[in-house]
Amino acid sequence: MQKLFLFALLLFAFSFKPGEPPCEEIRLRDKALFPVGAAVNTDKLKNEENYWKIVPVQFNSLTPERIMKPAYLHPQKDKYNFFETDHLMDFCKQFKIRLHGHTLIWHKSLPEWMETFKGNKTEWEALMKEHIQTIIHHCKGTIKSWDVVNEAFNDDGTLRKNIWLKNIGESYIEKAFLYASEADSTAKFFYNDYSLEKHGEKFGAVIAFLKGLKAKGIKVDGVGMQMHVALDYPVITDIDAAAMHLQEEGFLVHYSEVDISIRAGQSIFAKRSNLLALQKQRIKAITSGFMKLKQAYRFGITFWGVSDNDSWLTEESLRAMPLLYDASYKIKPMYCGFVEALEN
Ligand code: XIL
């Protein structure tokens with residue numbers, strides 16, 4: 001009995017290697033046949049060694065998580081603050097990384113002066129035009145793709161009542177894309193939103209709207225499906241169908257803010273290791289689906305952060321654990337699932 005116990009103990013000791021990575025850490029950016037991106041936090045890029053050691057090695061596309069939102073970039077009517085953006089543009093040039101502009105028009109992260117601006121429709125249009133064109137002009141040549149309008153639709157497919165809709169009317173979306181293309185006729189312009197991956201009512205409304213813009217000659221090049229998803233929702237067939245649908249309509253496809261919460265919709269008793277294994281399968285399926293698109297339509301897969309430590313979901317729940325790296329910047333099974341999809 002004692003011998004048996006000793007044997008079991010030895011077996012356990014040899015089979016259990018704490019800290020062993022679940023697969024080899026490679027350079028994702030070299031392996032993938034599409035740009036691999038991350039939302040980047042510029043403070044961390046400057047200050048956290050773990051963070052800046054990973055970013056330029058793994059990613060060849062970055063989306064600024066905060067610093068290009070209107071509240072940061074355009075704090076007063078006649079004042080723009082491009083300090084952080086300029087640094088990030090230099091960083092991207094140095095490491096040959098694509099920088100994707102996020103986001104010109106949104107209902108959140110607005111500076112107070114903009115939210116409280118009093119003016120008629122013409123004055124609001126002028127404000128929007130000046131905002132969009134000043135930013136695009138400043139970044140021209142370095143930033144070649146933009147989320148022009150972000151989250152303009154409600155889940156039921158109606159237009160969100162934001163300051164733009166209230167002050168300009170439905171035409172604000174069309175105008176935003178028009179002003180953007182006047183400022184840079186060669187950049188790629190995106191509409192970006194969440195829940196599009198459900199391929200439901202909201203997706204239907206968005207695609208109909210964007211097709212309408214294209215028919216009028218407005219330049220809309222692609223759609224960002226944010227993909228803040230759970231382990232089992234939306235189902236993979238809906239995600240794939242939404243992406244294919246975009247391709248059929250001639251839109252570039254960006255999985256623009258991918259994270260997979262391991263706790264959303266799961267029992268609180270579910271074992272973390274099981275959930276991480278499911279998360280690995282989930283990213284593998286999502287990525288394999290994306291790779292079924294023609295290469296010319298794969299704008300990229302961008303993760304909304306680098307590690308579980310810096311995800312916006314972590315601010316709400318420490319247990320979401322939605323990204324490729326764990327809180328101490330070690331690769332997770334999810335990283336390996338992504339690599340496996342790239343290898344197939
Ligand atoms: C989030 C950032 O991750 C947070 O750090 C910030 O406080 C709020 O915005 N959809 C978007 C992103 O388009 O810009 C949002 O980013 C997440 C939801």
Side-chain angles (χ1 to χ4, degrees), residues 25-74 80-104 106 109 131-148 150 180 183-190 192 221-222 224 226 252-259 295 298-307 309-312 323-325 329 335 338 342:
E25 188 173 3
I26 58 161
R27 286 169 63 95
L28 299 176
R29 60 181 285 175
D30 293 346
K31 185 90 185 170
L33 295 171
F34 55 84
V36 183
V40 74
N41 173 321
T42 46
D43 285 338
K44 292 197 177 196
L45 202 55
K46 276 182 264 174
N47 301 319
E48 285 188 27
E49 192 179 351
N50 281 324
Y51 194 87
W52 58 253
K53 275 190 167 164
I54 290 174
V55 170
V57 175
Q58 297 296 336
F59 304 105
N60 54 1
S61 178
L62 292 179
T63 304
E65 188 175 5
R66 296 193 188 125
I67 56 141
M68 294 199 73
K69 289 172 175 166
Y72 299 84
L73 215 50
H74 196 175
Y80 287 84
N81 180 5
F82 286 113
F83 186 77
E84 296 286 336
T85 298
D86 289 345
H87 272 285
L88 189 57
M89 289 200 292
D90 287 344
F91 178 86
C92 287
K93 275 186 213 154
Q94 189 184 345
F95 292 102
K96 298 192 168 44
I97 296 172
R98 173 181 79 183
L99 185 57
H100 178 69
H102 175 84
T103 173
L104 294 165
W106 195 24
S109 282
H131 174 78
I132 290 175
Q133 298 196 338
T134 306
I135 296 171
I136 294 184
H137 278 140
H138 184 91
C139 305
K140 206 168 172 174
T142 305
I143 298 192
K144 297 182 178 128
S145 61
W146 292 91
D147 287 335
V148 178
N150 195 29
D184 186 352
S185 60
T186 61
K188 302 281 180 218
F189 297 122
F190 284 76
N192 192 53
D221 302 286
Q226 291 185 4
L252 301 172
V253 183
H254 189 194
Y255 288 181
S256 58
E257 305 186 10
V258 177
D259 48 29
Q295 200 160 348
R298 296 180 204 160
F299 186 75
I301 295 185
T302 296
F303 295 91
W304 205 242
V306 176
S307 82
N309 190 30
D310 42 70
S311 161
W312 69 311
L323 294 168
L324 298 176
Y325 285 81
Y329 295 95
Y335 180 100
F338 186 64
L342 301 182

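Formation of a donor-acceptor pair under 3.5 Å by the Asn60 side chain with backbone atoms of Val36 is found in this model. His137 places a side-chain N or O within donor-acceptor distance of the main-chain N or O of Gln133, the cut-off being under 3.5 Å. The backbone N or O of Leu28 sits less than 3.5 Å from a side-chain atom of Gln58, completing a donor-acceptor pair. Of the possible polar contacts, none joining the Tyr80 side chain to the His138 backbone as a donor-acceptor pair under 3.5 Å is found. Although no hydrogens or angles enter the test, the distance criterion places a donor-acceptor pair under 3.5 Å between the side chain of Tyr335 and the main chain of Ile26. With Arg29 contributing its side chain and Pro56 its backbone, the two residues share a donor-acceptor pair below 3.5 Å.
Side-chain N/O atoms of Glu25 and Tyr325 include a donor and acceptor closer than 3.5 Å. Side-chain contact of His100 with Ser145: a donor-acceptor pair under 3.5 Å is present, judged by distance alone. Defined by atom type and a distance below 3.5 Å, a donor-acceptor pair is missing between the side-chain atoms of Asp184 and Trp146. Side-chain atoms of Thr302 and His254 form a donor-acceptor pair, as typed in the model, at a separation below 3.5 Å. Inspection of the Asn192 and Ser256 side chains reveals an N or O donor paired with an N or O acceptor under 3.5 Å.
When each of Met68, Glu84, Arg66, His131 is paired with Leu73, the side-chain contact (heavy atoms from CB on, under 4.5 Å) condition holds for Met68 and for no other.
For the pair Glu257 and Thr63, the minimum side-chain heavy-atom distance is 4.5 Å or more. Residues Asn309 and Tyr329 are in side-chain contact: their nearest non-hydrogen atoms beyond the backbone lie under 4.5 Å apart.
For Phe95, the CZ atom is densely surrounded, since the number of other residues' heavy atoms within 6.0 Å is greater than 12. Within a 6.0 Å radius of NZ in Lys53, no more than 12 heavy atoms belonging to other residues, nucleotides or ligands are found.
Looking at every heavy atom in both residues, Val306 comes nearest to Asp310 through N-OD1, 3.0 Å. The shortest heavy-atom contact between Thr134 and Phe82 is O-CZ, 4.2 Å. Heavy atoms only, all atoms of each residue included: Trp304 and Ala39 are closest at CE3-CB, 3.3 Å. Residue Phe189 comes nearest to Ala180 through the heavy atom pair CZ-O, 3.4 Å, listed as atom of the first residue, atom of the second, then distance. In terms of heavy atoms, Asn41 sits closest to Tyr51 at N-OH, 2.9 Å. For Ser307 against Leu323, the heavy-atom pair with the smallest separation is O-CD1, 3.3 Å.
Between Phe190 atom CZ and Asp147 atom CG the span is 7.5 Å, to the nearest 0.5 Å. Expressed to the nearest 0.5 Å, how far CH2 of Trp106 lies from NZ of Lys69 amounts to 4.0 Å. To the nearest 0.5 angstrom, Asp86 atom CG is 9.0 Å from Ile67 atom CD1. Interatomic distance, Leu62 CG to Ile97 CD1, rounded to the nearest 0.5 Å: 4.5 Å. Here the CD1 atom belonging to Ile143 is positioned 6.5 Å from the OG1 atom belonging to Thr85, to the nearest 0.5 angstrom. Rounded to the nearest 0.5 angstrom, Asn150 CG and His102 NE2 are separated by 5.0 Å.
Between Phe91 and His87, the distance separating the two ring centers is not shorter than 6.0 angstrom.
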Using side-chain contact (heavy atoms from CB on, under 4.5 Å), reason through Leu342 and Phe34 one step at a time and then give a plain yes or no.
CA-CA 10 Å; Leu342 301 182; Phe34 55 84; 3.6 Å; yes

